[in-house]
Number of protein chains: 2
Amino acid sequence: MANSPTGDSVTDRLVRVLETFTPSRTVQTAAEIGRRSGLPRSSAHRIVGELVDAGLLERDDDRRIRIGMRLWELATRSSQALRLRQAAMPAMEAVQARIREHTQLAVLEQDEALFLERLSGPTSGSNVTRIAGRLPLHASSSGLVLLAYGTRDLQERMLAGRLPRLTTETIADPATLRRKLAEVRTLGHAVAPGSIELVSTGVAVPVRDETGTVVAALSVVLPRDAPTAAALDELHRGRREIERALGVRS
Amino acid sequence: MANSPTGDSVTDRLVRVLETFTPSRTVQTAAEIGRRSGLPRSSAHRIVGELVDAGLLERDDDRRIRIGMRLWELATRSSQALRLRQAAMPAMEAVQARIREHTQLAVLEQDEALFLERLSGPTSGSNVTRIAGRLPLHASSSGLVLLAYGTRDLQERMLAGRLPRLTTETIADPATLRRKLAEVRTLGHAVAPGSIELVSTGVAVPVRDETGTVVAALSVVLPRDAPTAAALDELHRGRREIERALGVRS
DNA sequence: GACGGGCATCCCGATCAATGAGACGGATGC
DNA sequence: GCATCCGTCTCATTGATCGGGATGCCCGTC
């Protein structure tokens, strides 16, 4: 309703500029930003200059542009992401200390799973998830949990849309996904073997806030053939600890 | 040179809106934002609406405004803050596991110490530092390290400016501060007893990148009378680990 | 049940600052 | 030497931004 057909607005431009920065491309020239954001050279240059003056962007030693610490500060210090992270950190550390594999916290954001935190296991492989990274809802254990406990609206939207296949084991069929979601709700957790990379299995549980709403998914990434029973115990222990920190009384 | 006297620009307004959000005030109405940012009601409302459309801000269930996950994501995923944090996390966890007190990572940002990460100790007190929070350079061990290894320009600016006193032990005298900075450079670390709160002592060491520049300060917060020798050993071990992760070859 | 305060929302004409094409100089590289 | 690409600056035009004001809603208070 509010997005114009041309999509032109000050903030739209801003977002387009910010979106040109990716984990693999953290610094770039003003001209590159212009090209990637579809803005004319001189406009891009001017906008970038304003953002640098405001401290939201920074120039490095070569006068190239990168995200500014100030933007990170403003976006982080009062964000929901930080609040959830703070509540979850001790529990995640405890889980990670025992499981010794990647331990992650994800939330639902614009029909995808957004990862707020990740503690890495000893194996340096499996770098598919990053902090502030995303994964499709149907193709990760965290996503399946967030979807299974999401609104009916969200579920129908995902079931009707495309389900891109990341590996041969990714759920790419609506009927299968629907069954899987019911299973997740029955069991209270999601196990997703090989859905992202064939060598690993994700296990996730829902985390609720004081109103009972599922606000996040706590998950671990195990080697493909690892037993999930012990991991599930740990996850539920971590879940309870996080929920306590969020003010849920058991 | 580029900041106008009136300070009016699209991005300035944006920053002013974002600045109305603080750790203690994470949600607010559009009218509150307008009041705090000095913008007229209707203007604030329009700007907030645009930012919500762009996903940078969100409305909660009561239609009040908060920082959006999308802004956090954009600001975090390709930021220097995340890169440093990633490099430092394993080392910080190791330090924290042994010292069992608050372990922190701070960088220099606009003449203040900005805390990128903090692992909490068992004592739940000492909440003066937060993630994405700030402290003055002269009044914390992290700040003293960042200042001592900062540019001559920065040092002169701080020595010439006001040195607000947080406790009776805060260094508030330029001559004393100058001596302290020389001491920090000689010793290679900073000890700041009671500079923030009387019951605790901060100990910090500099962290360098591959070019030899000091890019961060690693610190712990100890009870006032704790011995700092053991902590220093741990900090230097952590420092070396972080520097290795940053690509410094020893 | 009337009243008042605070908020969200919408409207609209004047204004003014953002826009983007283009030119120039310098650095780099083939 | 030529070709590119980048940063920087200028400038006339225009279209978006601005903010006062009106309206309606919700919610306490008297």
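These values consider heavy atoms only, across backbone and side chains, with no hydrogens, waters or symmetry-generated copies. Labels below follow one simple rule: chain letters A, B, ... track the order of the sequence lines, proteins then strands, and each chain is numbered from 1.
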Whole angstroms only, please: what is the [atom1]-[atom2] distance between [X] and [N]?
X: B:Leu14; N: D:dT17; atom1: CG; atom2: P; value: 13 Å
X: B:Leu57; N: C:dA8; atom1: CG; atom2: C1'; value: 16 Å
X: B:Asp60; N: C:dC7; atom1: CG; atom2: C1'; value: 15 Å
X: B:His45; N: D:dA22; atom1: NE2; atom2: P; value: 18 Å
X: B:Gln28; N: C:dG6; atom1: CD; atom2: P; value: 17 Å
X: B:Arg46; N: D:dG20; atom1: CZ; atom2: C1'; value: 12 Å
X: B:Asp12; N: D:dT17; atom1: CG; atom2: P; value: 16 Å
X: B:Asp53; N: D:dA16; atom1: CG; atom2: P; value: 16 Å

Task: Side chain A:Thr170, main chain A:Leu166, donor-acceptor under 3.5 Å - done: yes
Could you work out which one of [options] sits closest to the side chain of [X]?
X: A:Ala31; options: D:dG7, C:dA8, C:dG20; answer: D:dG7
X: A:Thr29; options: C:dG20, C:dA8, D:dG7; answer: D:dG7
X: B:Ser42; options: D:dG20, C:dG22, D:dC6; answer: D:dG20

Open item on the list: Tell me whether A:Arg178 at atom CZ has more than 12 heavy atoms from other residues, nucleotides or ligands lying less than 6.0 Å away.
Closed with: no
Open item on the list: With a sphere of 6.0 Å drawn around CZ of B:Arg85, does it hold more than 12 non-hydrogen atoms of other residues, nucleotides or ligands?
Closed with: yes
Within less than 4.0 Å of OP1 or OP2 of [N], is there a side-chain N or O belonging to [X]?
X: A:Arg63; N: D:dC6; value: no
X: B:Arg13; N: D:dC18; value: yes
X: A:Arg41; N: C:dA23; value: no

Task: 5'-most by nearest nucleotide on DNA chain D - B:Ser43 or A:Arg64 - done: A:Arg64
Open item on the list: Quick check on DNA chain D: between A:Glu32 and A:Thr11, whose nearest nucleotide comes earlier from the 5' end?
Closed with: A:Glu32
- [ ] Decide, yes or no, whether a salt bridge links A:Arg16 with A:Asp12 under the criterion of side-chain N to carboxylate O below 4.0 Å.
- [x] no
Task: Polar contact flag, side-chain donor to acceptor under 3.5 angstrom, A:Ser219-A:Ser142 - done: yes
